[in-house]
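One structure below.
Both counts, for ligands and for their atoms, begin at 1 and track the order of listing.
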Amino acid sequence: MDPILEKYYALENKVAAYTPNLDKARLFDAFSYADNAHASQLRKDGTAYITHPLAVADLVADLELDVDSVIAALLHDTIEDTGATHEEVSARFGVEVADIVEGVTKLTRVQYTSREEKQNENLRKMLLAMSKDIRVVMVKLCDRLHNMRTMEYQSPKKQREKALETMEIYAPLAHRLGMQRIKWELEDLSLKYLDPVGYNDIKNQLDAKGSAHQEFMGATQLKIQQRLEKEGIHCTVYGRIKHIYSIYRKMYAQHKNIREIFDLYAFRVIVDSIADCYNVLGCVHDMFNLVPDRFKDYISTPKPNLYQSLHTTVIGKEGIPFEVQIRTWEMHQIAEYGIAAHWKYKAGMANQKLGSEETFEWVRRLLESQQDTDAEEFVRSMKVDLFSDEVFVFTPQGDVVNLPAGATPIDFAYSIHSAVGNHMTGARVNGRIVPFDSQLHNGDIVEIITSKSSHGPSRDWMAICKSNEARNKIRQWFKRERRDENIANGRAAFESELKRAGISMADITQEDVLPNILKKVKYNALDDLYAAIGYGGTTAQKAVVRIRDELLRLAKIQKDQAALREAQENGEGMHVASNPAVPVPSPKTYSKNGIIVEGLDNCLVKFAKCCTPVPGDPVVGFITRGYGVSVHRVDCPNAAVTKRKPEEAGRWISVSWGDTHQEAYQTALQVTAKDRSNLFLDIAAALSACQVKVDSLSAKNTPDGFAVITAQIQVRSAEEVNSVIRRINGVSGVMTVNRSRG
Ligand code: MN
C-alpha cells in the first residue's frame with residue numbers, strides 16, 4: 001500500500017479505538033481534503049507535505065482528543081498555506097473544526113520578536129487568550145512537537161529561533177496545561193539546538209553507561225516488583241532515566257557533573273487506589289534507606305497544574321540514590337497528558353477536592369460547571385475564558401502590552417508613555433490607519449503616530465479610553481497644560497455653586513476667613529482650587545460643602561466668644577448661655593457608606609469581611625440579627641443563591657451603590673505566583689505604582705515552589721481594583737490574581 005495511505009489507516013485505527021461509532025468517511029474526507037490542498041508542497045526533507053498534518057493528527061490522537069480535534073489537526077495548515085478559507089472548511093467539516101483550524105492559524109502567525117524574560121509570561125497568556133478553545137492550544141502544541149522533531153533540515157538560524165521560542169513559550173505552556181510528556185520532549189529537542197555541545201555531552205555519557213544503567217534499573221525494578229507482589233499489591237513498576245534537559249538544568253544550576261546528580265534514575269509505581277500509594281511508600285521505605293528531606297506528598301497537596309503523586313528518594317545497597325514516584329492510574333494519566341486527560345476522568349475528578357488555592361481557577365470552574373453534562377458537551381465548553389476581561393497586543397518592537405478588554409489606541413498610547421499619548425495624531429493597527437475609538441483585539445500590532453506639533457489630547461478621549469491609567473494621564477495633561485483655561489472654567493463653576501449655597505464671594509475673601517478656608521479645602525490659593533475644579537481633580541460642590549461647614553464653624557466660635565464676653569461684662573462669671581440652634585443647611589443626603597438599601601432609610605450598613613465589596617461591584621444585602629444590613633458581592637460564595645437557607649429568603653434584599661462614596665474601601669487580593677527572588681518586592685512595587693493604600697501584604701510559600709500573596713488594599717472603586725489586578729498580572733511569574741471570596 002502507498003505509505004501515506006498506510007499512515008492514514010494507522011491514524012484511523014487509533015481514533016476508532018477510543019471513539020465509538022467513528023464516522024470514518026468524514027475522517028477520510030478530511031485527509032483527502034488536506035492531501036489535495038497540500039498536493040504541490042514538499043517539506044524541507046523532501047517528503048510530501050501531507051506527512052506533517054498526518055503526524056500532528058497522530059499526536060492529537062495519542063492524547064485521545066475528540067474527532068473534531070483530529071480533523072482540525074489534519075487541516076491545520078490548509079488556511080495558512082493553501083487557498084482554503086474558514087467558510088469552505090466550515091461548510092465541509094462544521095464550524096467547530098473551522099474555528100480550531102483558524103485558531104491554530106492565528107497562533108502560527110504570531111511573531112515573537114521580543115526576547116525579554118518578563119515578556120514571556122505575557123506571551124503565554126496572550127496565546128491562551130487568543131485560543132478561546134483549549135483544543136486550539138493542544139493542536140498547536142502537537143504541531144510544534146512534530147516541527148521540533150523534524151527540525152534538522154531547517155537552517156541553523158531557524159533552528160535556534162524555533163528552539164528558543166519552544167523553550168520559552170511552548171514548553172511552559174504544556175507544563176501549565178499539565179502535559180508533561182509533551183513538555184519534556186519539547187525541552188529536550190530545544191536544548192539539542194540551543195546548546196548542542198551540552199546536550200550531546202549528557203547524551204553521550206548516558207549512552208556510554210547504557211548497559212550499566214540498564215542493569216541497575218532492571219534489578220531495582222524487579223526487587224520492588226517482587227516485594228509488592230508478596231504484599232499482594234496489584235501494580236505496574238518501571239524505571240527511567242530523567243530527561244536530558246532536567247539533568248542539564250541541575251548540572252548547570254548546581255555546578256555538578258553528571259555523577260553528582262542526585263536522582264538520575266526515577267522509578268514509577270502505578271497502583272489502583274490512593275490507599276495502595278501509601279502502602280507502597282511504606283514498603284519502599286522499608287526496603288531502602290531514606291534520603292532525608294526528599295519526601296513530597298503531592299497527593300494531599302496537588303501542584304497547581306493538578307499533578308498528584310508521592311515522591312521519595314532512597315538509596316540502595318549499590319549506593320546509588322534514586323527517586324520513586326507513586327501514583328494511581330488516574331493520576332498517571334493526568335501527569336502525562338494533563339488537561340487532555342480530564343475528559344476521560346472527569347467523573348472521578350468531580351469527586352475530588354478541587355477547591356484548593358493551588359488549583360487553576362479556570363480548570364476548577366470548568367469542572368464544577370460541567371459535572372452534569374456529557375463528555376462531548378464538556379469538550380465543547382472547554383473554552384478558555386481566563387482572560388476575557390483583558391486584551392493582549394503587540395508594540396511594533398514585539399513587546400506584549402496588557403490592556404483592559406475594549407481598549408482603544410488611546411489606552412495603548414498612554415500605556416507606553418504619557419508623552420506618546422499626548423502627542424498622538426493617529427494610530428495604525430496591523431499596518432492600517434484606524435480611528436481613535438476602534439477596539440483592539442488579541443495579537444494586534446499597534447503603532448502610534450505622534451507629532452511634536454500636536455495640540456494635545458482632547459477631552460473626549462476620557463470617555464473613549466478604557467483604562468484608568470489613560471484617563472488619569474489625560475487629566476494630568478489638562479491640569480498642567482491648560483492652567484489658565486482651567487482656572488477660568490473652575491472659577492465660573494465655583495462661583496455659581498457658591499451662589500446656590502447662598503454664600504457671597506466677599507464672605508470668604510475676608511482677611512481673617514480666607515486662610516482658614518484654604519486650609520479646609522487643602523489648596524494654597526484660590527487659583528489652585530479653581531484649576532483643580534477646571535481639570536476635574538475636585539468638584540465645585542465638594543469645595544462649597546467644605547467651605548460652608550467652615551463658615552458655620554467660624555460663626556459658632558465668634559458667637560461663643562461674644563457670649564462669653566457679654567457674660568463677663570455682666571459679671572455673671574463663667575456661666576455661658578447655651579448656644580441657640582444655628583439653622584444648619586442640611587447637607588446632601590448621603591447613603592450610608594455609599595450604599596442605598598431599598599425600602600430602608602438610615603439603617604446600619606456594613607461590608608461583609610468575606611468578599612469586601614467596593615463601588616462598582618454588583619452587590620446584595622442580608623439583614624443580620626442586630627447588626628443591620630451586611631453587604632456581599634453577588635459572586636460571594638456566602639451569598640450564592642444555592643446556599644441561601646429557605647427560611648432566610650426574606651432577609652436577602654436588594655442594595656445598590658449611591659452617587660456618593662466613602663474616600664476609600666478596604667478589599668483583599670490573593671495572588672498565586674511561581675516563587676522567585678524579589679517576587680514580593682515586585683508585587684509591592686506594582687501596588688505602589690497603582691498608588692493604592694496598602695494596609696497589609698503577606699506571603700506564604702507552598703512546598704512546591706509557589707507563593708500565595710495576600711494584599712489588603714484601599715480603593716475607591718471596582719474599576720480601580722481591576723486596574724490593580726491587571727498591573728499585578730503583568731508581574732513576572734504571577735499566575736492568578738483574585739479578589740478574595742469567602
Ligand atoms: Mn503545521
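- Protein N/O/S atoms found under 2.8 Å from the Mn ion (ligand 1), listed by chain and residue number: His52 NE2, His76 NE2, Asp77 OD2, Asp143 OD1.
- His243 is linked by a ring-ring contact (aromatic ring centres under 6.0 Å, His included) to Trp184, counting only residues two or more places apart in sequence or in another chain.
- Sorted by first and then second residue, the ring-ring contact (aromatic ring centres under 6.0 Å, His included) pairs with a member in residues 45-70 read His38-Tyr49, Tyr49-His52, His52-His76, His52-His146; sequence neighbours excluded.
- Remark: Ser40 engages no residue in a side-chain contact (heavy atoms from CB on, under 4.5 Å) (not counting sequence neighbours).
- Between Glu187 and Lys183, at least one side-chain nitrogen of the basic residue sits less than 4.0 Å from a carboxylate oxygen of the acidic one, meeting the salt-bridge criterion.
- Here Tyr8 and Phe28 bring their ring centres to under 6.0 angstrom of each other.
- In this structure, Arg26 pairs ionically with Asp68, as a charged nitrogen and a carboxylate oxygen lie closer than 4.0 Å.
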